Chemist: 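Here it is, the structure, as structure tokens.
Keep in mind the model is a prediction, meaning the values are calculated, not measured.
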Amino acid sequence: MKVSDLKDVREGSRINFEGERMPYTVLARDERFIIAIKPFAAQHTYLYTIIDLKRLERGPDNLVFGRSGGYGSMSEAHGALRELNDPTHPLEVSRKRAVSLRVARIREPKP
């Protein structure tokens, strides 16, 4: 699957990455970033990923203890998008822990 297929992804879309069984659900997006989460049942929490469409990679944020607002809801994800696009804010996709963007499948949300 091509990365260009992500241009039509919207909130509620589900993205499978190569090598991962469970899909991520898109909570927020803009022209450059997509924020998605998936459940992590063993810890009763979630895992998140930030997709950087300009750098063509994805990963967690670069903050040592994570973003204080988290990423578990749409409002938190939209707040993170504002921070990612604010040049005065330190939030970005971790350059150390990012991986190449390898999308296996995209499923659009049901109407």
Chemist: Do Arg29 and Val9 make a side-chain contact, defined as non-hydrogen atoms from C-beta onward lying under 4.5 Å apart?
Modeler: yes
Chemist: Taking only residues two or more places apart in sequence, or in another chain, which ones meet Asp5 in a side chain to side chain donor-acceptor pair (under 3.5 Å)?
Modeler: none
Chemist: Taking salt bridge (charged side-chain N to carboxylate O under 4.0 Å, His left out) as the cut-off, I'd like each qualifying pair that reaches into residues 70-84, sequence neighbours left out, listed once.
Modeler: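 Applying salt bridge (charged side-chain N to carboxylate O under 4.0 Å, His left out) to every pair that reaches into residues 70-84, excluding sequence neighbours, yields Arg67-Glu83.
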Chemist: Roughly how far, to the nearest 0.5 Å, is CZ of Arg55 from CG of Leu101?
Modeler: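 Rounded to the nearest 0.5 Å, the CG-CZ separation comes out at 11.5 Å.
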Chemist: Taking the side chain as C-beta and beyond, is there a heavy-atom pair between Leu56 and Ile51 under 4.5 Å?
Modeler: no
Chemist: Please tell me whether Met22 and Leu47 are part of a single hydrophobic cluster in this structure, the criterion being side-chain heavy atoms less than 4.5 Å apart.
Modeler: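 Unlinked, Met22 and Leu47 end up in two clusters.
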Chemist: Working to the nearest 0.5 angstrom, can you tell me the gap between Ser94 OG and Arg58 CZ?
Modeler: 12.5 Å
Chemist: Got a sec, which pairs hit salt bridge (charged side-chain N to carboxylate O under 4.0 Å, His left out) with one end in residues 89-103, sequence neighbours left out?
Modeler: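 Qualifying pairs, neighbours excluded: Glu18-Arg102, Glu92-Arg95.
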Chemist: Checking Asp52 now: which residues fulfil side chain to side chain donor-acceptor pair (under 3.5 Å) with it, not counting sequence neighbours?
Modeler: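 If we apply the side chain to side chain donor-acceptor pair (under 3.5 Å) test to Asp52, skipping adjacent residues, the hits are Arg32.
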Chemist: Nearest 0.5 Å, what's the CD1-OG1 distance between Ile15 and Thr49?
Modeler: 9.0 Å
Chemist: Mind listing the side-chain donor-acceptor pairs of residues 103-111 below 3.5 Å, one per line with the distance, residues two or more places apart or on another chain?
Modeler:
from, atom 1, to, atom 2, distance (Å)
Arg107, NH2, Asn16, OD1, 3.3
Glu108, OE1, Arg10, NH1, 3.2
Glu108, OE1, Ser13, OG, 3.1

Chemist: State which residues pass side-chain contact (heavy atoms from CB on, under 4.5 Å) with Gln43; sequence neighbours excluded, sorted by chain then number.
Modeler: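 Applying side-chain contact (heavy atoms from CB on, under 4.5 Å) to Gln43 gives Phe40, Thr45.
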Chemist: Please list, chain by chain and in numerical order, all residues satisfying side chain to side chain donor-acceptor pair (under 3.5 Å) with His78, sequence neighbours excluded.
Modeler: Glu11
Chemist: Starting from Leu91 and following side-chain heavy-atom contacts under 4.5 Å between hydrophobic residues (I, L, V, M, F, W, Y), which residues can be reached?
Modeler: Leu27, Phe33, Ile35, Ile37, Tyr46, Tyr48, Ile50, Leu63, Tyr71, Met74, Leu81, Leu84, Val93
Chemist: Using the side-chain contact (heavy atoms from CB on, under 4.5 Å) criterion, which residues pair with Asp86? Sequence neighbours excluded.
Modeler: Thr88, His89
